[in-house]
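Take a look at the structure set out below.
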Amino acid sequence: MPKQQMIAMILAGGQGSRLGVLTEYIAKPAVPFGSKYRIIDFALSNCTNSGIETVGVLTQYSPLELNSYIGNGYSWDLDRNLGGLSILPPYQSMAGSDWYKGTANAIYQNITFIDNQKPDYVLILSGDHIYKQDYREMLRAHIEAEADATIAVREVPWEEASRFGIMNTDEAGNITEFEEKPANPKSNLASMGVYIFSWQILREYLIADEQDPNSRNDFGQNVIPAMLGGGKKLLAFTFDGYWKDVGTIFSLWESNMDLLDRPQEINLQDALWRIYTRNTLQPSHYVGTNASVVDSILTDGVEIHGSVKHSVISSGAIVEEGAEVKDSILMPGSVVKKGCKIDKCIIGIDTIIGENVEAGISVKEGREDFVSEKFCSDGITVFGSGLVIADNVKIVGNSMLFPKEAGQTCDVVLDSIILGVI
Amino acid sequence: MPKQQMIAMILAGGQGSRLGVLTEYIAKPAVPFGSKYRIIDFALSNCTNSGIETVGVLTQYSPLELNSYIGNGYSWDLDRNLGGLSILPPYQSMAGSDWYKGTANAIYQNITFIDNQKPDYVLILSGDHIYKQDYREMLRAHIEAEADATIAVREVPWEEASRFGIMNTDEAGNITEFEEKPANPKSNLASMGVYIFSWQILREYLIADEQDPNSRNDFGQNVIPAMLGGGKKLLAFTFDGYWKDVGTIFSLWESNMDLLDRPQEINLQDALWRIYTRNTLQPSHYVGTNASVVDSILTDGVEIHGSVKHSVISSGAIVEEGAEVKDSILMPGSVVKKGCKIDKCIIGIDTIIGENVEAGISVKEGREDFVSEKFCSDGITVFGSGLVIADNVKIVGNSMLFPKEAGQTCDVVLDSIILGVI
Amino acid sequence: MLTDAMGIIIADNSRIQLGELNVERALAATPFGGRYRIIDFMLSSMVNSGVKHVGILAETKYSSLMDHLGTGSHWDLDRLQQGLRIIPPYMQSEFFRSPSPQDINGLYDFLKHSVHMYVIVAESNIVSNISFTQFVKEHEKSGADVTAMYNHDSNSFGAPNISLTFEDNRLVDMMIDPLNPTSDCSSLGAVVLSRTLLMDLLTQAIARGDSLFNTEFILEKYRELTIRGYENNDMTLRINSLATYFSASMRLLEIDVLHKLFKSENRIYTKVKNESPARYFKDNHVSNSLISDGCDIIGTVENSLIFRGVNVGKHSKISNCIIMQDSVIMEGAELKNVIIDKDSVVRSGVRLQGSPDYPVVIRKGVIV
Amino acid sequence: MLTDAMGIIIADNSRIQLGELNVERALAATPFGGRYRIIDFMLSSMVNSGVKHVGILAETKYSSLMDHLGTGSHWDLDRLQQGLRIIPPYMQSEFFRSPSPQDINGLYDFLKHSVHMYVIVAESNIVSNISFTQFVKEHEKSGADVTAMYNHDSNSFGAPNISLTFEDNRLVDMMIDPLNPTSDCSSLGAVVLSRTLLMDLLTQAIARGDSLFNTEFILEKYRELTIRGYENNDMTLRINSLATYFSASMRLLEIDVLHKLFKSENRIYTKVKNESPARYFKDNHVSNSLISDGCDIIGTVENSLIFRGVNVGKHSKISNCIIMQDSVIMEGAELKNVIIDKDSVVRSGVRLQGSPDYPVVIRKGVIV
C-alpha cells in the first residue's frame with residue numbers, strides 16, 4: 001500500500017455519561033445529530049476530506065451500535081483494501097489484558113497497529129466533537145515549525161477560560177505551559193483535543209508514561225506536560241471555525257439549534273467538504289396537506305402532518321396531524337402522535353410519544369417525578385430511546401425519561417424496547 | 001438488506017496454546033497453512049462458497065494480526081455494505097464488562113448482534129479447522145428434520161473415539177447422548193465443532209446457561225447436554241470429507257504434509273470451491289538455475305536456489321544455494337541461507353536461518369537445550385517467528401526455538417523481531 | 001432467498017420515449033421520485049430477492065447510467081465474484097467473430113461466463129418493490145421453459161402495452177398495443193428462464209443477424225416454447241410515456257403508494273449523495289409534496305416532487321411539478337404542471353404552465 | 001504523497017501491435033510476467049504515488065480489459081468519490097452535441113467532472129515501477145505547461161520510439177522512429193499537465209474533428225506550449241512489438257530486474273484469482289523460470305514464464321517460452337521460443353520452435 005504520511009486515531013471509547021439516557025445503549029459518538037448525522041460523522045468526514053485513509057477507531061464502551069453504524073467504513077469511503085478504517089477495541093495478549101485506562105493508554109495499547117502503518121505523524125482525535133477541519137493545514141504547520149507535537153486550540157471568551165485546558169504560548173505560538181482548568185488563566189487558548197504527534201517521539205513518551213504508576217495515562221494531564229517538561233517543541237495551532245463539544249444535554253441541544261440559527265458557521269451545504277453519513281435507505285421526506293414546517297431541518301423518510309417550528313427532525317421521524325413540535329430534536333424513527341405539544345425536547349431513537357402528550361419547558365402543571373437536575377438544564381426534556389409514552393400525560397421541563405426496568409410498572413413509560421442497531 | 005436465512009459466527013478467540021511459539025504473537029486462526037493460506041481461510045471460504053454473507057468473527061486473544069489479516073473481509077468477498085464480515089471482540093456496557101468466558105458465553109455476549117440480523121438459523125464454527133464443507137447441505141438436513149440443533153459429525157476410528165466428543169444417535173440420526181471423551185465409546189461419531197441452531201431456541205438456552213453459575217459456558221459441555229436434557233431435537237449430520245483440527249504442532253505439520261501426500265482429499269484446485277486468501281502482492285515464484293524442487297508446493301514470491309523436497313513453501317520464502325529443505329514447512333518470508341540442512345522443521349514467519357545451520361530429525365549430534373517435550377513430537381523442530389538464527393549451529397529434532405527475551409543473550413537465537421502484521 | 005438466479009436489466013426500450021428527459025440518458029437512468037433513477041426499483045428488487053449477479057444491457061446513452069451505477073456499491077453489488085456488470089454496446093465477443101450485432105454478443109459472453117441456473121430478464125420501465133423469490137420458485141416447479149410476470153392493473157395501461165393471452169396458464173398470444181385486447185393480462189416486463197435456454201435463443205438470433213433484445217424477444221417465442229404466466233399483485237407503476245411518467249410520479253404523493261414502495265422491509269437502494277438536510281425557512285408553504293435533502297425551501301410548493309439540492313426561492317410558487325436535482329427556482333417564479341430537468345434555472349418572475357397530460361418539460365442545464 | 005493529480009491511461013496504441021495477442025484484447029490487457037497484465041504496472045505506479053482517480057481510455061477491444069479491472073478493487077480504486085473509470089468509446093457527451101469523435105468527448109466529460117489540478121497521461125506499453133510524486137512536484141515547480149518523462153535507455157529502443165530533443169530542457173523537436181535520431185532522449189509515454197490545459201487541447205481537437213488521443217497528441221504541441229523534460233532512471237521495459245514483448249518477458253528472469261520491479265516497497269497490484277499453490281511432482285526439472293500459482297509441474301521447464309493454472313505434462317520440455325493462463329502442455333510436447341496464449345492445449349508429442357526474434361505465437365483457446 002502507498003505509505004501513509006499521517007494516520008488518524010479516533011478516541012471513541014468514552015461512556016458519555018453526562019448525556020444520561022441518550023448513551024444508555026449506544027456510545028456517545030453514535031448519538032444522532034443534526035437531522036441526518038451521527039456525532040462521529042464529523043471526525044470521520046474530516047479525515048476523508050483531509051485525504052487521510054488509515055483511521056483507527058478506539059472503542060470500548062457499548063460499541064455494538066457504533067461498530068454496526070461504522071461497518072466497514074464504506075459510507076465515508078474508508079473501506080479500503082489497504083489501510084482504511086479499523087475498529088480497535090482492547091484485547092488480550094500473552095502479556096495480559098487490560099481495558100483502556102485512559103486516552104494515552106488506549107494509544108499505547110495500539111502501538112503495534114500504528115507501527116505497522118509506518119506513519120511519520122499520528123493525528124489523535126476525539127469522536128465527539130462537531131466541527132469541520134482540514135487536518136492537512138495543521139500538518140503543514142507542524143512540519144514547517146519542526147514541532148514534536150501540535151495541538152489545535154481555539155480562543156474562548158476569557159470568562160470561560162477556566163473551564164478548559166488552557167495553553168500558554170510564546171509569540172511564535174510555541175506552548176510554554178499547559179494548565180487544566182486554571183483558576184486564573186494566563187491565556188484564552190483552549191485545547192480542542194486534536195493533536196498531531198511525530199510518531200517516534202510520541203511512541204517514546206507513551207512507553208514512558210505507561211511505566212509511571214502514578215500516571216492517569218491521559219494526553220492532557222500526563223503526556224503533554226511530560227513532553228513540555230522534556231523540552232519538546234509543542235506548537236499551538238489556532239482554529240477559528242465552528243467547534244463544539246457535545247458532551248452535555250445542553251450542548252447537544254444547543255449545537256443542534258446552531259444548525260438552524262447560525263447555519264453559515266458550520267455550513268453543511270459545502271459541496272467541497274461534505275459530511276458523510278450512513279445512508280438510511282429512506283425516500284424523500286413527505287410534508288402533508290395540512291402541515292406546516294418553519295425554520296427547521298428535515299431529512300429522508302420524515303413525514304410531517306402537523307406543525308414543526310425551529311426543530312431538527314431526523315430520518316424516519318413522524319409528526320402526526322395536530323401535533324406541535326417546537327425547539328426540539330426528533331431522533332431517527334421517533335413518532336409524535338396526534339395532538340401532542342412538544343416544546344424544547346429531545347426525543348430518542350424510535351421512541352413513540354402517545355397522543356395528546358404535552359412535554360417540555362412550557363408545561364407548567366404536570367408530572368415532576370422525572371425531573372433530573374443531574375442531566376437536564378435550561379428546561380430541556382429528554383426522552384430516552386425505544387420508549388413508548390402513554391397518551392395524555394403532561395411532563396414538565398428539565399425531565400429525563402428512562403426506560404422501564406424489567407418487571408417495573410410505570411404509568412408514563414409504558415414500554416421500552418432495547419434498540420436494534422442500524 | 002436482504003434477510004439472511006442463516007448467519008455464521010466463527011469462534012476465533014482461543015489462545016492456541018498447544019502450538020507454543022507459533023501463537024506467541026498471533027491468534028491460532030491466523031497461523032499460516034498450506035503455502036498460501038491462513039487457517040481461518042477455510043472457515044471463511046466455506047462461508048462465502050455456501051452463500052453466507054453475514055459472518056461474525058469472535059476474537060479475544062492476540063487479535064491484532066488476525067484483525068489486520070481479515071481487514072474488511074475483502075479477500076473473501078465479505079466486505080459487504082449490508083451485513084458482511086464483523087469482528088466481534090468483548091466489550092463494556094452499562095451492565096458491566098467481561099472477557100469471553102467460554103464458547104457459549106462468547107455467543108451470549110453477542111445476542112444483540114445476532115438479533116439485529118434477524119436470522120432463522122445460526123451456524124457456529126471454529127476458526128481453526130481445515131476442511132471444505134457446503135453448509136447449505138447441512139442446513140437443508142436441519143430444516144427437513146425440523147431439528148432444533150444439527151451437529152456435524154464424522155466417523156473416527158473406534159480406537160481413537162475416546163479422544164473426541166462422541167455423539168450417540170438413534171437410527172434416524174437423532175442425537176440421544178453426548179459424551180465428552182468417553183472411556184468406552186458407544187459410537188464413533190465425533191463432533192466437528194460445526195453447529196447449526198434454530199436461533200430462537202439457542203437464544204433461550206444461552207440465556208439459561210448464562211444464569212447457571214456452575215456452567216463453564218461451553219457448547220459441548222453445557223449447552224448441548226442441556227438441550228438434550230430439555231428434550232430438544234438434535235440431529236447428527238455426517239460429513240465424510242477431509243477434516244483436521246490443527247491444534248498441535250504434530251497435527252499442523254501432518255495436515256500440511258497431507259497436501260503433498262493426499263492432495264485429492266482436500267483438493268485445493270477445485271475451481272468451484274476456491275479457498276480464498278489475502279493476496280500477498282508478490283510476483284510468480286522463481287526457481288533458479290541450480291535449484292531442484294520435488295514433491296512440494298510453492299506460491300508467489302518464493303525464490304528457490306537450493307534443493308526442496310517434500311515441503312510446503314509459503315509466500316516470499318527464500319531457499320539459498322546449496323541449502324537443503326526436506327519434509328518441512330517454511331512460513332511466509334522465512335529465509336534458509338546457504339548450506340543449511342533443514343529436515344522436518346517448521347520455520348516461523350520472517351525467521352532467518354543462518355548459513356550452514358543443520359536442524360531437525362536427522363541431526364544426531366547438536367544442541368539439545370531447545371528440546372521441548374511439551375510441544376514437539378515425532379522429531380518435528382519448530383522455529384518461532386521473527387527469529388534470527390546464528391550460522392553453523394546444529395539443533396536436534398523435537399526442539400522449539402523461542403524469541404529472546406529483552407536483554408537475554410543467546411548464542412543460537414541472535415535476535416528476534418516482534419512481527420509486523422501484514 | 002433466491003440463490004441460483006442472475007439478472008439482466010434492459011436499460012432502454014425503443015418504444016418508450018420520455019422526450020427531452022431521454023435525449024442524453026437511457027430510460028433506466030431517468031430521475032424518478034425525488035432521489036431515485038427508474039432502474040433503482042428493478043435493481044433493488046433483484047438485490048432484495050438475493051440476486052447477486054446483474055448485467056445491465058446498455059445502448060449508446062450510457063454515460064449517466066454508468067455514473068449512477070458506479071461500482072455497484074450502493075446496491076452492495078461491488079463484488080469480486082459476480083456483482084454488477086454493465087454490458088456496453090459494440091463490445092467484441094470472445095466467442096463470436098461474426099460481424100453480427102455486438103450488443104447481443106456482449107450479452108452472450110456475459111451469460112457464458114456466469115454459473116447460475118436461471119436468468120431473470122427485466123425491462124426498466126416498471127416501478128415496483130417486487131420479490132422475485134416466489135416467481136423463480138414457481139418457474140422451477142412448473143417446468144415451463146419461460147415464466148412471464150403479468151398483472152391486471154388496467155389503470156396503469158398505456159402504450160406500449162404488451163397484452164398476454166393465456167390458455168391453461170400457457171401463453172398463446174402476445175399483442176403489442178392491441179386496439180381490442182383479448183386479455184386483461186399485461187406483461188410486467190420480467191421473465192425468467194434457464195441460462196442455457198437464453199444462450200440458445202441468443203445464438204439463434206446472432207446467426208440470423210438479429211440485434212434487438214428485450215423481453216418481447218423472448219415472449220414472442222410462445223409457439224416453440226412453453227411460456228407460463230405468473231401474476232404479481234404488488235403495487236406497480238408503469239412508465240410508458242411522458243404522461244405516465246408524470247402521473248406515476250404524482251402517485252407517490254399518495255401516502256399509501258409511498259409506503260408500499262419505500263417502507264416495506266425491502267428497501268430501494270440508490271446512489272448516495274451526502275447532501276445536507278433540507279432547510280425550511282420562514283414564510284415557506286409546503287403542502288402534499290415530497291422534498292429531498294439539500295433543498296432550501298423559502299417559497300410555496302404544492303403537490304410536487306422536489307429532487308435533491310433544489311432551491312425554491314422567495315414568493316415562488318410551484319404546483320403539480322417535478323423539479324430535478326440542483327435546479328434553482330428564483331424569486332417569484334410560478335410553475336404549474338412542469339418538469340424541470342437537472343441543473344436548470346427558472347429566473348425571477350418567469351411563469352410556465354403545462355397540463356397534466358402534457359406537462360411542460362425544461363431540459364437539463366437550461367436557463368429559462 | 002501525490003494528492004492533487006489524477007491519471008489517464010491509454011489502453012491502446014495503433015502503432016503497437018503484438019500480433020495474435022492483440023486480436024481480441026487491448027494492448028493494456030496483454031498478459032505479462034506470469035500473473036500480470038501490462039496495464040498493472042502503470043496503474044500500480046499511479047496508485048503507489050497517491051493517485052486516486054484514474055480514467056482508462058479504451059477502444060473497441062475492451063472486454064478483457066473490463067474483466068481484468070473489475071470495480072478497480074484490486075488496485076484499491078473502488079471508491080465512492082474518484083476511483084477507477086473506464087471511458088468507453090462511442091459515449092455521448094454531456095457537453096458536446098457535435099458529431100465529433102466520441103472517444104475524445106468521453107474523455108472531456110471525465111475531466112470536466114473531476115476536481116484535480118493535474119493530470120498524468122500515460123501510455124500502457126511501459127513496464128516499470130515508477131514513482132510519479134517527484135515528476136509532478138518538478139512540473140509544479142518549473143511552471144512548464146507540460147512535463148514529459150523520458151530516459152536514455154537505448155537498450156530498450158525499438159519502433160515506435162518517440163525521440164525527444166530538448167534545448168535548455170525545453171522540448172524543441174519530436175520525432176517518431178527517426179532513422180538518425182538527433183537525441184538520445186526517448187519518451188517514456190508519460191506526461192503531466194494541468195487539467196484545464198488538457199481540456200482546452202481537447203476542445204480544440206473536438207472542434208477540428210480530430211479523433212486520436214495519446215501522449216504524442218500533447219507532445220506535438222511543443223511549439224505553442226512550454227514542454228519540459230523529466231529524466232526517469234527507474235528500471236524500465238518498453239513493449240513496442242512482439243519481439244520486445246518477448247525479450248522484456250525474458251528479462252524478468254534476471255533476479256535483479258525481478259527485484260527492482262516487484263520487491264520494492266511499492267507493490268504491483270493485479271487481479272487476484274485464488275489459485276491453489278503450484279505443485280511440483282517427482283521427475284520434474286525446472287531451471288531459471290518464473291512459475292505461477294495453480295500450475296502442476298511434471299515435465300521440464302527452462303528459461304520460461306509459466307502463467308497461472310498451467311499444466312506441464314510428463315516428459316514435456318519447455319524452453320524459452322511464455323505459457324499463458326490455463327494452458328495445457330501434454331505429455332512429451334516440446335516447445336522452444338514459443339508464446340502460448342490462454343486456454344490453449346499443446347497435444348502430446350507436438351513440437352514447436354520459433355526464434356527469439358520471431359517467437360511462434362499460438363493464439364487463445366487453440367488446440368495444437
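These numbers were taken from a predicted model, which means no experiment stands behind them. Chain letters run A, B, ... following the sequence lines, proteins first and then strands; every chain starts at 1.
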> For residues 104-115 of chain B, which residue pairs qualify under salt bridge (Lys or Arg N to Asp or Glu O under 4.0 Å), counting only residues two or more places apart or in two chains?
Replying inline: Asp115(B)-Arg203(B)
>> Is it the case that the side chain of Asn81(B) and the backbone of Tyr74(A) share a donor-acceptor pair, with hydrogens and angles ignored and the cut-off at 3.5 Å?
In response: no
> Rounded to the nearest 0.5 Å, what separation is found between the CD1 atom of Ile87(A) and the OG atom of Ser86(B)?
Replying inline: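 The distance works out to 8.5 Å.
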> Taking atom CG of Asn67(B) and atom CG of Leu88(A), what is their separation to the nearest 0.5 Å?
Replying inline: 7.5 Å
>> Using the salt bridge (Lys or Arg N to Asp or Glu O under 4.0 Å) criterion, which residues pair with Asp79(A)? Sequence neighbours excluded.
In response: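 For Asp79(A), no residue satisfies salt bridge (Lys or Arg N to Asp or Glu O under 4.0 Å) once neighbours in sequence are set aside.
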